[in-house]
Structure formats: structure tokens, C-alpha cells
**Q** 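If you scroll down you'll find the structure; I have some questions about it.
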Amino acid sequence: MADAQIVDLLNAALEAACECGDLPKCDVEIQLEQPPRPEMGDFSCNLALRMAKPAGRPPREVAQCLVQHLPESAVVDRVEIAGPGFINFYLRPTWLQDVVAQVLLMGEDYGRSDVGAGKRVQVEFISANPVGPLHIGNARGGPYGDALANLLDAVGYDVEREYLLNDGPDNTQFRLFGASLQARVRELLDLDHEMPEDGYRGDYIVDYARELINRHGRERLAGVPQDDDGHYEMAILGEEIVVEQIAETCRMLGVEFDSWFSERKLFEEGAVDRKIEELRDRGVVYEKDGALWLRTTDFGDEEDRVLVRSNGAKTYLMTDLAYVDDKLERGFDHCIYVWGPDHAAQVPSVRAGMAAAGVDPNVTEFIIHQIVRLTEGGEIVRMSKRAGKIVSLRDLIEDVGRDVTRFFLLSRSVDSHLDFDLQLAREQSEENPVYYVQYAHARICSILREARERGFATDDVTEADLSLLQHEDERRLMRWLADYPGEVTDAAEQRAPHRLAHLSRDLAATFHQFYGTCRVIDEEQPELSRARLALVSATGQVLRNLLGLLGVSAPERM
RNA sequence: GCGCCCGUAGCUCAGUGGAUGAGAGCAACGGACUUCGGAUCCGUAGGUCGGAGGUUCGAAUCCUUCCGGGCGCGCCA
């Protein structure tokens, strides 16, 4: 690609300038940008500005020096020094045409790269407690984690998607779920029963109870004791149904996990106990008030944290420490945790805990997404999980569809609060941005269909004379395609799938604009038609690639 | 009280160190089809980038502080 070639040229210039002593050696990353206006060239570099201080010379002088050492290149037409010291590159006009050919040649691989090659990354997301259906509150992590995984895969990482099931014996919520379920089961069986004070009261618990009776029968369930052990046993029985349901909802959302990790396994296989012993050996724990504490303050936390409660139960921090060991043992070089805002406060203690446990903090990365608020025509739709007033993710997807759900949830930065407007999502109109993007793709397919009907061969468009693409709007579209691979690597690096949503809208707009000014199929000008068909086909390819990363479909007709 | 996130056009949000001009969508107003999909396009209007300091060649972007909003702060997860 042209941009990579320019970076190589600049590196060579830098090296040459250092070698003959014109510039001091310094470690500066080369960043290329697109100048604000086309007259300023095709690419621009601020290297001289960044080097001015270490070199102790004015930026324009540094730029001059770099330009003198630039090797000859087949890509670059000329170079100018502009403004305070930018080096602007004007490329040979054919470079954009080469991009079109490149897209058609690479197909769905266009935009993929190998910067992450050889590294295994795990993205763990959603991981909602297995005590009920997924709802809109924990829905954001789904499309986000999935699209992030797509992005990391696109830049070459070996990626695995994992869902952590908080189903350990010491998980209070899980046991409470078991107790609530038992109450409903016994109620249905006309046995004595008692719903816990703060139990789960949603109707879905009754559905689970009914299904449990179907699967296991009265005798089996009535025999489960009404105590702590019994609650846990019921929770495990119920979990099977919950997980099936969650997996089904995820599939509806287009999310397939590679692994469902049961926290319970860490207990059953003794990993938790082994970890406690290891921490004792490291001398980073102590006992106080009957509990076992971790000296997280020695590792940057505000206060020490409890690992084992005075009643013997292990805390989430304890299982998190055993869990991260398991991840690393499975060979991941990097572990990404996508958490909801309610978990933001625990990140420092988990990181400190990992440091105390001897885990390199750089192998883990915590991404906190902000809340989603459901609105309908401006009115906030309130939810309460315990009381059972929730909007399930499943209902939402059935209501507005997978594409709309994903696009909406992915269209904002994870750092920002997000209002999901049901009314807007339902409208299949220009107000709904996902249709705008999909319409562009459908239109492209329609043009290609029409062209075939009129006798143009659209499958060997690589034969076209692309030098005929000289219109301003054609150049703008080609430039867009040229920049796409860089946008993908940026989005992956910044963990910012929302950029993809904006990019898709932008590409659709750029295409529609081209469509408005450039007649594609014109029997009077068959050569130009062939060239434009190549451009249209390339645009369709990139749009598909982009929507593929988002996990949104690219329909051929609407 | 402390921590995290946000504050950019009437509304919803991009942009997180670059250039003279801070951009989109929606809403408003005015235009464009006898031909490839009008679910489209073009134009007009709309801004103290929350306020104030600072860092530097250069700040919406980084730092400090204040103001406003959201979320969280348990031997629950």
C-alpha cells in the first residue's frame, strides 16, 4: 500500500540523515495523515515537527534535511514542505486506481492485516450471572465484545470469545437464584415453600421451575433439601436451562462463544485452594476478624481486600485470581475483560490483587462500558431486575431485529452513556442509520445486476481501464477505500468498534454522493462504464467487509 | 466524602496533539428524477468545543482547578 511505502521512505531518510550526522538519532514513530485539503497533497507527515526539539533545530530545517535524504520512489510524484514544517507527499495519479484493483484482488481480505500475528487474545464479555435471561442492561457488552473480537481477528490475532459463568458454590446471587427457584418449584408441586426475602420474583423463574419439573420430575425435585446445599443443587439444575437460553439469545444476536467457562470448575478442581496456598507462600495475605485478607494496598489499592470471608466463602476477587491463572495456563498472551459500569470500582483491586499474586498486569486489560438506557419516544423505560421488570434482550431483538440492535449498541463509544430509543429503532426509514448503510449495499448490488442484464461482464472488472476514473467524486471514493485498512488497525488498537459504525455510514454517504454525480452504466461509454463498475464492485466489497466486522448483514435487496 | 465516565450546533453524537475551515445524523428552511433503487443527492442556516488557568511551535484533544450530569463505593457479584 502507498502509505506503508511512504513510511518506509521516511524511515530510510531518517536513517540516512542520522548516518551522515545531519540529524541526531531519536526514536520517533512515523505518523501519516491526510492533509486538510487535497491541494496539500495525498499524505502528510509531522515528523519534522516532532523532531525539532530533540534535533535542536527549526522544524522546517529538519524537514528540509529529511526531504534531501528521501530515496527515489515509483509512488511519489513530488514532495513539499508546508506550514510550520509538514512534509507533504504528492503521489503518482495511478496510486488510487491501484487501490481499486487491490480491493477486487483481495476481496474479503481487504482491510485485514497481520500486526497481531502469532498472539493469542481472549475476549471475555457479557458474563452476566446465570440467574435469568439477558436484558438490555447487559446487552451492550455483547455486540461490543463480539465486534472487538472481529476487529482483533482482522488485524491478525488468534482470538477466542469466552463467557464466564459465575456459578461457584460461594456465589451469593447464584444460591439466591437456587432458593428462589426451589420456592417456585415447590409452589407448583403444592409443597410447603418459602420465597427468600430478597429472592428473584420475575415470572421467568416460574417458567424455569415448570421446565425443571418437565425435565427432572416431581420426585427428584421434591427430594432436594430446603437448605443451603439444596439451594445450590437447585441453582445448578436451573443453570442448565438459563445457559441454554442465554446461548440462544446470543445466537440471535450473532454472537457465538468459543467457550463457556464455569467458575464452579475452579473450585471442584482445587484451583481456588491452590491459589490460596500460593498467596500464603508469597506472604501477601493475613488473617483478621476471622477473614483472610490480601495486602492489595502494597500494590496500589486504597485498602486491603478480603479473599475468604469469615464464614469461609471465597469472594469474587479470590475466584478472579484463580480464574486469570487458568486463562494464562490456557496460553493466552493477552486477556481482555469487558465489564459493565457496576464493576468499574473493582478494577483497581483486581489489578492490585493480580500484582500481589505475581501476575504481570500488562497481560490483562479491563474495558468498562457505560450504561444503556432504554427510551421510547423520549420517555425512559425503567427496569428492575429483582422485581422482574426487565426488558429482555431477546424481546428487543425480536422487536427490532439483530442488525438494528447491533448497529445501535455499537454506534457510540463505550465510554459514553447510550440511549437506545425503541421508537427510532423500529422505524425502517432514513432516520434509522443502519438502513442507510444497508441501502447503499443493496443499491450497489442492484447496479451490478442491471449491468449484467445489459451485457456488461461484472466478474472480470479487473480488465477495466481504471485511469478513466478522474471525477472528483470517484477520487474521493477511491481515497476512502485506500484509507480503510488503516482505519481498521486504528479501531482495533483503540478497542473502538464504534468507529466501524461511523465508517460504514461515511462510506455509504461517499458512495451515494458518487452515485448522484457519476452515471455508472452508460452504453455510449462502455470503457468508462467498466471502470466505474469496478469501482462500484470494490465499494460493495469494502462495505461488506465493514458490515461483517460489525456483525450486521449486507443485504442484496431491501 | 471518594473513585470512574460524560459535558462539542436546537437534539443525538464523532473527532482525543496538527495546518486557513471543529465535523456528521436528526430537526428547520430551500432545491434536484422521463435514464443505473428518491430508503437518495445538493444547498442554506445553526458553535464562547461547560468555565478559568497551565504545558508547547501548535490544545476540543494533555495537566490543574471549578461547575453541571451519570454510575459506583459490602466479609454481594
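We name chains A, B, ... by the order of the sequence lines, and we start the count at 1 in each one.
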**Q** Give every pair of a protein N or O atom and an N or O atom of nucleotides 62-64 of chain B that lie under 3.5 Å apart, one pair per line with the distance.
**A**
none

**Q** Polar atoms only, N or O, under 3.5 Å: list the protein pairs with nucleotides 44-46 of chain B and their distances.
**A**
none

**Q** Think R499(A) has a side-chain N or O under 4.0 angstrom from the OP1 or OP2 of rU16(B)?
**A**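 Affirmative; the distance criterion is met.
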**Q** Just to be sure I understand: a Watson-Crick pair is purine N1 to pyrimidine N3 plus N6-O4 or O6-N4, both under 3.5 Å. Using that and G-U wobbles, which stems of three or more pairs involve RNA chain B?
**A**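 Counting only runs of 3 or more consecutive pairs, the stems involving RNA chain B are B:1-7 with B:67-73, B:10-13 with B:23-26, B:28-32 with B:40-44, B:50-54 with B:62-66.
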**Q** With the criterion being N/O to N/O and under 3.5 Å, what pairs connect the protein with nucleotides 19-24 of chain B, and how long is each?
**A**
residue: rA19(B); atom: N6; partner: S44(A); partner atom: OG; Å: 2.7
residue: rA19(B); atom: N6; partner: N88(A); partner atom: OD1; Å: 3.3
residue: rA19(B); atom: N1; partner: N88(A); partner atom: ND2; Å: 3.4
residue: rU20(B); atom: N3; partner: R37(A); partner atom: NH1; Å: 3.3
residue: rU20(B); atom: N3; partner: R37(A); partner atom: NH2; Å: 2.6
residue: rU20(B); atom: O4; partner: R37(A); partner atom: NH2; Å: 2.7

**Q** What N/O pairs connect the protein and nucleotides 68-71 of chain B at under 3.5 Å? Give each pair on its own line.
**A**
residue: rG70(B); atom: O2'; partner: H417(A); partner atom: ND1; Å: 3.4

**Q** Give the residues of residues 507-521 of chain A touching RNA chain B, defined as any heavy atom closer than 4.0 Å, sorted by residue number.
**A**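 Residues of residues 507-521 of chain A that come under 4.0 Å of RNA chain B are, in numerical order, H512(A), Q513(A), Y515(A), C518(A), R519(A), V520(A), I521(A).
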**Q** Listed by chain and number, what are the side chain to side chain donor-acceptor pair (under 3.5 Å) partners of Q438(A), not counting sequence neighbours?
**A**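 Side chain to side chain donor-acceptor pair (under 3.5 Å) list for Q438(A), sorted by chain: D403(A), S553(A).
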**Q** D304(A): what forms a side-chain contact (heavy atoms from CB on, under 4.5 Å) with it, not counting sequence neighbours?
**A** Y286(A), W293(A), R295(A), T296(A), T297(A)
**Q** Tabulate atom names and distances for all N/O pairs under 3.5 angstrom spanning the protein and nucleotides 28-32 of chain B.
**A**
none

**Q** E302(A) side chain: which of rU12(B), rC2(B), rU35(B) is closest?
**A** rC2(B)
**Q** Can you give the donor-acceptor pairs under 3.5 Å from side chains of residues 338-346 of chain A to other protein atoms, not counting sequence neighbours?
**A**
residue: H343(A); atom: ND1; partner: Q346(A); partner atom: NE2; Å: 3.1

**Q** With E474(A), which residues qualify under salt bridge (charged side-chain N to carboxylate O under 4.0 Å, His left out), at least two apart?
**A**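 Scan of E474(A) (salt bridge (charged side-chain N to carboxylate O under 4.0 Å, His left out), adjacent residues dropped) gives R532(A).
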**Q** So which pairs with a foot in residues 54-64 of chain A pass salt bridge (Lys or Arg N to Asp or Glu O under 4.0 Å), sequence neighbours left out?
**A** R57(A)-E61(A)
